[in-house]
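In what follows, a structure is listed as structure tokens, so that the remarks can point back to it.
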Amino acid sequence: MTQQNVVVSDPKSGINLTIPVKVPVSNSSALFTTAAQKPPPGPGSCITISRKTLVEINGNNSARINSWVESMRASSPTHHKSSPALSDDLNSWMVQHPSALDMFEQIISASKGKQIVMFLDYDGTLSPIVEDPDQAFMSDAMRATVRKLARYFPTAIVSGRCRDKVYSFVRLAELYYAGSHGMDIKGPSKGSKYKKGAQAVLFQPASEFLPMIDEVYKELVDITKSTEGVRVENNKFCASVHFRCVDEKKWGELAQQVRSVLKEYPKLRLTQGRKVLEIRPTIKWDKGKALEFLLESLGYANCTDVFPVYIGDDRTDEDAFKVLRERDQGFGILVSKTPKDTHASYSLQEPSEVMVFLRRLVEWKKLSLRRQFRIRRQIEELKASLRN
């Protein structure tokens with residue numbers, strides 16, 4: 001048996017959901033005819049099948065909901081065994097995705113002569129994952145670290161949260177903020193010191209969906225109110241259904257409730273994060289697109305001397321990791337204690353390690369600038385002595 005990711009597409013409900021499916025190796029081509037005579041998909045890839053094919057595999061609506069629940073388990077930090085192929089050999093995974101702390105010198109070497117630009121997820125990266133999303137506060141030490149980071153590198157927070165909500169947590173005006181998975185982007189109010197004449201960036205590619213998201217949010221609140229522990233969050237350009245505190249036995253019921261709302265909105269799609277179901281517009285926009293937009297806004301769209309670094313812990317961050325691999329510039333760092341299928345090049349285990357990495361980056365830059373200053377002063381002194 002092999003496990004492959006399947007994108008479930010339902011044209012009537014507008015739902016697109018990635019689920020893990022176990023496929024017999026010898027018969028995989030019989031089930032997935034679209035993959036016939038093609039090499040097996042690599043890490044992070046997926047196969048798209050139609051709703052009709054899914055019904056044939058699962059048999060009925062109940063089985064389809066069960067697939068949703070399995071995907072919810074797979075996204076849960078407490079159910080790592082749902083991906084046995086990735087959990088069997090931690091050492092092997094670490095060889096492919098070594099600690100960014102252990103590889104710090106190699107990372108710095110790769111960035112030599114280039115402008116480092118930092119992109120940071122919030123939940124699970126700058127702050128710990130907590131049961132109550134409204135209590136996901138970052139520590140004062142982390143805030144001070146990010147503030148220092150922004151002195152030396154262009155820095156952006158890229159989150160699934162509403163931009164205003166993320167800003168209320170971070171409270172650093174000198175950063176770029178991309179909320180709602182990059183659908184709400186704003187730069188520093190005083191412009192960027194890294195690009196002369198730059199004005200505050202404000203980009204909202206999904207503005208037309210705002211009334212629809214508000215409507216769906218209210219419906220989700222109403223239909224899930226009987227499910228104990230569920231939290232529905234309005235993130236402006238997307239709605240999030242947190243099931244971290246929901247009894248696992250109720251996940252099937254919750255999936256059915258969400259589906260019953262979404263089937264009336266074909267212009268919206270379902271994605272998943274760490275114990276959260278997220279409803280987003282179907283526009284082709286994600287954290288990867290946000291990364292590219294911000295690089296362009298900073299004047300680095302077609303530059304070879306830029307080195308983007310993206311740190312994140314969630315499935316939605318994979319879009320940004322993938323962009324960096326395709327650009328062959330910079331790298332992604334996955335924050336995770338367990339092996340996961342990822343496009344990231346390196347790993348860190350938790351927010352505390354993220355803070356250590358960021359501090360080392362700041363210290364390296366400070367030393368580098370001091371060294372450059374000393375060299376310039378020595379050159380000036382040498383020129384002065386030659387003139388005399």
Side-chain angles (χ1 to χ4, degrees), residues 7-18 68 71-72 75 121-123 132-134 136 156-170 176-186 201-227 229-244 246 254-291 293-294 312 314-317 319-320:
V7 176
V8 180
S9 178
D10 188 336
K12 292 185 178 180
S13 65
I15 298 170
N16 293 299
L17 182 66
T18 301
W68 280 41
S71 186
M72 291 164 74
S75 71
D121 180 31
Y122 183 76
D123 293 275
D132 184 353
D134 291 334
I157 307 296
V158 186
S159 173
R161 299 267 201 156
C162 167
R163 176 171 55 81
D164 292 339
K165 185 71 172 182
V166 176
Y167 184 83
S168 72
F169 283 140
V170 180
Y176 290 83
Y177 291 87
S180 302
H181 300 285
M183 287 183 281
D184 188 7
I185 300 176
K186 188 174 183 179
V201 175
L202 183 59
F203 184 63
Q204 298 176 331
S207 297
E208 64 182 283
F209 290 92
L210 286 174
M212 186 181 297
I213 292 295
D214 283 338
E215 189 176 303
V216 167
Y217 165 73
K218 293 174 183 176
E219 290 186 29
L220 288 170
V221 169
D222 184 63
I223 200 170
T224 63
K225 62 185 179 183
S226 61
T227 304
V230 70
R231 293 287 302 275
V232 183
E233 187 177 15
N234 188 340
N235 284 314
K236 193 171 183 178
F237 291 93
C238 64
S240 302
V241 181
H242 299 272
F243 56 92
R244 180 167 297 276
V246 176
L254 179 61
Q256 181 62 64
Q257 291 170 340
V258 173
R259 182 179 185 278
S260 67
V261 172
L262 274 185
K263 68 181 181 180
E264 302 300 328
Y265 296 91
K267 292 185 177 181
L268 300 179
R269 63 190 175 104
L270 177 72
T271 60
Q272 280 189 240
R274 294 179 66 178
K275 282 200 171 181
V276 60
L277 300 173
E278 295 178 309
I279 293 86
R280 294 194 261 168
T282 54
I283 65 170
K284 293 182 179 180
W285 197 264
D286 51 40
K287 290 184 176 182
K289 296 290 187 183
L291 181 151
F293 175 83
L294 284 168
D314 209 339
R315 286 184 177 184
T316 56
D317 298 311
D319 295 316

I need the minimum non-hydrogen distance between [X] and [Y], along with the two atoms involved.
{"X": "Gln272", "Y": "Leu277", "answer": "CG-CD2, 3.5 Å"}
{"X": "Ile223", "Y": "Ser260", "answer": "CD1-OG, 3.1 Å"}
{"X": "Asp317", "Y": "Asp314", "answer": "OD2-N, 2.8 Å"}
{"X": "Leu254", "Y": "Phe243", "answer": "CD2-CB, 3.6 Å"}

Separation of [Y] [atom2] from [X] [atom1] (nearest 0.5 Å):
{"X": "Leu268", "Y": "Thr282", "atom1": "CG", "atom2": "OG1", "value": "7.0 Å"}
{"X": "Arg280", "Y": "Ile213", "atom1": "CZ", "atom2": "CD1", "value": "10.5 Å"}
{"X": "Asp286", "Y": "Met183", "atom1": "CG", "atom2": "CE", "value": "9.0 Å"}
{"X": "Arg163", "Y": "Ile185", "atom1": "CZ", "atom2": "CD1", "value": "10.0 Å"}
{"X": "Cys238", "Y": "Arg161", "atom1": "SG", "atom2": "CZ", "value": "10.5 Å"}
{"X": "Asp184", "Y": "Ser207", "atom1": "CG", "atom2": "OG", "value": "8.0 Å"}

Can you find a pair of side-chain heavy atoms, one from [X] and one from [Y], that are under 4.5 Å apart?
{"X": "Pro281", "Y": "Glu208", "result": "no"}
{"X": "Leu210", "Y": "Phe237", "result": "yes"}
{"X": "Arg315", "Y": "Thr271", "result": "no"}
{"X": "Tyr177", "Y": "Val170", "result": "yes"}
{"X": "Tyr265", "Y": "Glu219", "result": "yes"}
{"X": "Lys287", "Y": "Asp121", "result": "yes"}
{"X": "Asp134", "Y": "Lys165", "result": "yes"}
{"X": "Leu291", "Y": "Val158", "result": "no"}

Step-by-step salt bridge (Lys or Arg N to Asp or Glu O under 4.0 Å) determination, Lys289 to Asp319: CA-CA 8 Å; Lys289 296 290 187 183; Asp319 295 316; over 6 Å; no
Please report the C-alpha distance between Phe209 and Ile283 in whole Å, then the side-chain angles of each, then the deciding distance to 0.1 Å, and finally whether the side chain to side chain contact (heavy atoms under 4.5 Å, CB included) criterion is met. CA-CA 10 Å; Phe209 290 92; Ile283 65 170; 3.6 Å; yes
Evaluate the side chain to side chain contact (heavy atoms under 4.5 Å, CB included) criterion for residues Ile279 and Val261: first the C-alpha distance (whole Å), next the side-chain angles of each, then the deciding distance (0.1 Å), finally the verdict. CA-CA 10 Å; Ile279 293 86; Val261 172; over 6 Å; no
Between the side chain of Arg231 and the main-chain N/O of Arg244, is any donor-acceptor distance below 3.5 Å? no
Between Asp123 and Arg274, does at least one N-O distance fall below 4.0 Å, as a salt bridge requires? no
Does the side chain of Lys236 come under 3.5 Å of the side chain of Ser180 through a donor N or O and an acceptor N or O? no
Mutual orientation of the aromatic rings belonging to Phe293 and Trp285 [parallel < 30°, tilted 30-60°, perpendicular > 60°]: perpendicular
